[in-house]
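Just so we're on the same page: letters track the sequence lines, and every chain starts at 1.
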Amino acid sequence: MAIKFHNPKSVTLAGKYSHGAEIPQGARVVFVSGQVGMDSRGKLQPTFEKQALQAWKNIGQVLKAAGMGYKDIVKITSFITDGRYLQANRAARDQIITEP
Amino acid sequence: MAIKFHNPKSVTLAGKYSHGAEIPQGARVVFVSGQVGMDSRGKLQPTFEKQALQAWKNIGQVLKAAGMGYKDIVKITSFITDGRYLQANRAARDQIITEP
Amino acid sequence: MAIKFHNPKSVTLAGKYSHGAEIPQGARVVFVSGQVGMDSRGKLQPTFEKQALQAWKNIGQVLKAAGMGYKDIVKITSFITDGRYLQANRAARDQIITEP
């Protein structure tokens, strides 16, 4: 079952996302907990870049355990402690999520 | 299918909302991305008041594209950069959303 | 219908939670509004500890009104104004939610 996207022309798109993402009726829905830059042995990665890459990888691992993948994401909330890291987080995301 | 609201008397209501909002089983569920004060041509509105009005309008446009309306909202998360804008955001919301 | 949890070994668990929580297909879904430390008479509790206890109790009251309980929670978002209160909030949660 495919996610249905809604992007009305009356609302500007300012990046790689959709304005509306509709879950197919009766679909399985998984909530993924907040992920941080900690690897499988509990070691926090040394830089923001590596922490961001690790967090996005972790999301993928949890989705995989549920039989899902990045393509099944309908909503992401990112809490970033400093606006200066915003671009680095997007770069990390784009490095990990290569699906459209 | 109507949303079912839950407002136990044991919890104080401090505004225009419900404590619990239940999605009908099998309903379509749409996630709307974060909206900002940018109009359809990508122009950021000049004041907080106008930005807030624009963001609430944008939410309505996305809902409309999905065949929904403000009455179908079960959850809103607002991130406001300064607590002093809280009332202005509520005023903008009430100006745009006139449905009960 | 039981919630299905997903905890792949490749992602470290750093507390009492699960990395993935899957809603059973066709389940009822209730969104609970943000709860604060205000009791049933609208009185804000005097300390952070009491406010946190009250907020967690309120969540339980709303869930109860919907015929649900803490065991039905699949996602919690906590906004805490000062990181120093993090442990106190967890302690309050663990005092109120004694179910596994």
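- The shortest heavy-atom contact between B/Val11 and C/Gln61 is CG2-CB, 3.5 Å.
- Ranked by heavy-atom pairs shorter than 4.5 Å toward chain C, the options B/Thr12, B/Asn7, B/Val29 are led by B/Thr12.
- Considering all non-hydrogen atoms of both residues, B/Gly20 and C/Val30 come closest at CA-CG1, 4.3 Å.
- Atom CZ of B/Phe5 is surrounded by more than 12 heavy atoms from other residues, nucleotides or ligands within 6.0 Å.
- The distance from atom CD1 of B/Ile3 to atom CZ of C/Phe31, rounded to the nearest 0.5 Å, is 10.0 Å.
- Most heavy-atom pairs under 4.5 Å with chain C, from the set B/Lys75, B/His19, B/His6: that is B/His19.
- Only the backbone of B/Lys9 comes within less than 4.5 Å of a heavy atom of chain C; no side-chain atom from C-beta onward does.
- Within the 4.5 angstrom heavy-atom criterion, no atom of C/Gln54 approaches chain B.
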